Amino acid sequence: MSFSGATPEGAPGDHPLLHGLDPAQREAVTTQGQPLCILAGAGSGKTRVLTRRIAYRAATGALLPSHVLALTFTRRAATELNRRLVTVGVRDQVAAGTFHATAWAQLRGLWADRDERAPTLLDQKVRVLHALLPRRGSGEVAPADVAGEIEWAKARMVGPDAYATAVVAAGRRPLLPAGVIASIYARYEDEKRRRRLVDFDDLVILCAEALETDAGFAAAQRWRFRHLFVDEFQDVNPAQHRLVEGWRGGRPDLCVVGDPDQAIYAWNGADPSYLTGFSARLEGATVVNLDSNYRSSPQILAVANAVLDTRRAPGALDLRPTLAAGAVPDVVAFPTDADEAAGVARALRRHHGAGRPWAEQAVLARTRAQLVIFEEALRAVGVPCRLRGAVSFLARPEVAEVVADLRRRPPGSPLAAAIADVRLAARAADPSGADASAGGDAEMADAEAVSDTVVETGATGAGPGAAAERQASLQELVRMMGEQLALDPRAPVAGFLTWLTAALRGDNPDGSGDAVTLSTFHAAKGLEWPVVFLTGLEQGLVPVGRATTPEARAEERRLLYVALTRAQRELHCSWAERRRFGAHTMARSASPWLATVEAVVDSLAGSASTAAAGPDWREHLDRSRAHVRGLTDGPRSRGDSARTRGGSGTRTRAAGCVEVGERADPAMLAALRSWRAGAARAAGVPAFVVLHDATLAVVAEARPGDRHALLALPGVGPVKAERYGEALLAVVANAGAA
Ligand code: ATP
Ligand code: MG
């Protein structure tokens, strides 16, 4: 095994395909070492290197592109890979696709060769599970939850017989006794066999089994695809890994790229140790690390690294920024989710007016349901947008069903009566049996991520929380109906339907043309946009409510890191103080990680205003890191073993704090300091997390009289204003009067 970051001696000279690559990237493209693992952080050029390597090896005769198989996990990532293969001139010959699509294609070939009728692809497990579940009654479990359990098991290659043991070993608590689920699982498999059905998980496992047991099939596939490339390898699960091994057939010609800090599918069985343990597992493996970031401005990187900092995954690397300084990211708190959508829509228009194509901007959110309100708001003001990785809202079966029902009503029938029915339907879709409008949104996040990954071959699926997803869709519909009724209490159903189709017109995930992208965090992986709006950064969404274990929270944190690192030039973070879930409006609080974002933003804003010319951004990055380390060295994370990464004992809490202003009234400053000490104690964080010394000095000097004046001060973001504004204003008023 060799670790290398420099061009080796005698490396090929000035090939055009090596232009625009740094030495480590050149090494990754040109190395003869195989198997090859390229391990690097976000935006370091992993996908660029992967496509260049294919093209370079083709150009230098090391491979025939028609023998290349390039794999990714989502259809969207496959599209991106194909787009990049076009730019290096090998698109037409290279096979690039998802695991599921590739397995399905190969299996169809296999069945045709054997003169077997191909089984039918089961788009939703619940279609079969419905009939197998105990009769509905109290304590019953929705088919979608059982489907989730089966998917959990299949990703780990656990069959019905081994299910109960595996559940205990994993400390998992399914909604039904493990034995009951195991027996439903067994009957589900029987039923599929009887009806000649296969589900999505089967595709991966069946293809792997065929490679292991059918020598002719294996030889044909291995002959055709003798050069294997896998992007985003940190997200491979045991079943997919087995398939890769089946395709590889013991040969060394495998190149994987990935980033353990972006592992966001562990809940779905993905195991990043296939990536981090690559060189230990495969004899003679070469590992290349890339160490520079080419995507994001140093300011965006500073924020992203800070969010990740203390919880870095094993094997992770620090990234050097290479781009010129850009704008300091911002954090905005909106009074409501509707205000947030309207505010973002205005900002998108402003950017567009300034000459940015719509397509250079993206709005990202943790859950898909959050995106619907943006879709409406954007269309209302004429901003073209595209929902990525989402089945069109109107095409979702549960929505289509209700809309069809509404259409059957007499045209003049009142919307007010119809909304009650839809509310009932939403309640009936509730997986827990209660009206869990607040939790539903969080619950559905996993289902969305599953359908982002797995169901990309064309259908909608059932994943853990799929029932919650259906419920959230219906709640969205209730919300839109309610809005119409608020405008016109006597609105007829027909009018609402006309409005609905117009409002969501062109809601087509495959639509092309210049449009703003709306995407979940999961679906945005691997992609990038010059301007990114990260929305709904609230407790319960980021991290998602169901993430209660340290592992799940760590994954949510990485997910936020993935989202932050999509931005190239501008990053706008926002959240809403009140958010509607179906018929309910809930008070919200900021994501706990926004404090970290604000700490970095504060320090960036401070130095941006003080630096006269050409600030040294590397130094700056270190400074802001030191800031945040000060934060995480506090009582909250003491004793946390994950904190050891790079730990040299040199972190100091006060590092990076700006000198106290000269003109501040010492008495006022003392009062503020004493207040801050109390606030920090109460929150269990170091004082600087509450407010920087520099900010205290500014407050003491400016003596703000109201929230508005407070917000105008550098270093006081909306999160801080919300959290401490009132107390701070009181201290200023009291000390001023004294
Ligand atoms: P992710 O982890 O998010 O998938 P990645 O490591 O795959 O990111 P890429 O998407 O390949 O990174 O690259 C990020 C951006 O930087 C792309 O726009 C790419 O074209 C650009 N880039 C990569 N390397 C260089 C380079 N040496 N010079 C200029 N631009 C580069
Ligand atoms: Mg990539």
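Counting starts at 1 for both ligands and their atoms, in listed order. Just so it is clear, the model here is predicted, and its values are computed rather than measured.
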Using a distance-only test with no angle check, is there a side-chain donor-acceptor pair under 3.5 angstrom linking Glu538 and Ser591?
no
State whether the shortest distance between N or O atoms of Gly20 and N or O atoms of ligand 1 falls below 3.5 angstrom.
yes
N/O to N/O below 3.5 Å, does that happen between Thr47 and ligand 1?
yes
Between Phe200 and His100, what is the ring plane arrangement, given parallel below 30°, perpendicular above 60°, and tilted in between?
perpendicular
Which residues and atoms, protein N, O or S only, are under 2.8 Å from the Mg ion (ligand 2)?
Thr47 OG1
Answer yes or no for Asp259: is there a heavy-atom contact with ligand 1 below 4.0 Å?
no
Measuring from non-hydrogen atoms of Gly41 to any atom of ligand 1, is the shortest distance under 4.0 Å?
yes
The complete set of salt bridge (charged side-chain N to carboxylate O under 4.0 Å, His left out) pairs with one or both residues in residues 28-39, sequence neighbours excluded, reads none
Basic-acidic side-chain contact under 4.0 Å: Arg566, Glu528:
no
Taking 4.0 angstrom as the limit and counting only heavy atoms of Leu21, give me the atoms of ligand 1 inside it, by number and element.
27 (N)
Has Glu232 got any heavy atom lying under 4.0 angstrom from an atom of ligand 1?
yes
Restricting to side-chain hydrogen bond (donor to acceptor under 3.5 Å, both in side chains), what partner residues turn up for Glu245, sequence neighbours left out?
Arg248
Any heavy atom of Gly43 sitting closer than 4.0 Å to ligand 1?
yes
Side-chain donor-acceptor pair present, Arg386, Thr517, cut-off under 3.5 Å
no
Assess whether salt bridge (charged side-chain N to carboxylate O under 4.0 Å, His left out) is satisfied between Glu360 and Arg569, documenting all intermediate values.
CA-CA 10 Å; Glu360 288 194 356; Arg569 308 297 312 156; over 6 Å; no
Got a sec, which pairs hit salt bridge (charged side-chain N to carboxylate O under 4.0 Å, His left out) with one end in residues 225-240, sequence neighbours left out?
Glu232-Lys525, Asp235-Lys525
4.5 Å side-chain heavy-atom contact, Leu36 and Val256
no
Using heavy-atom distances, let me know which of Arg566, Arg84, Glu528 sits nearest atom 9 (P) of ligand 1.
Arg84
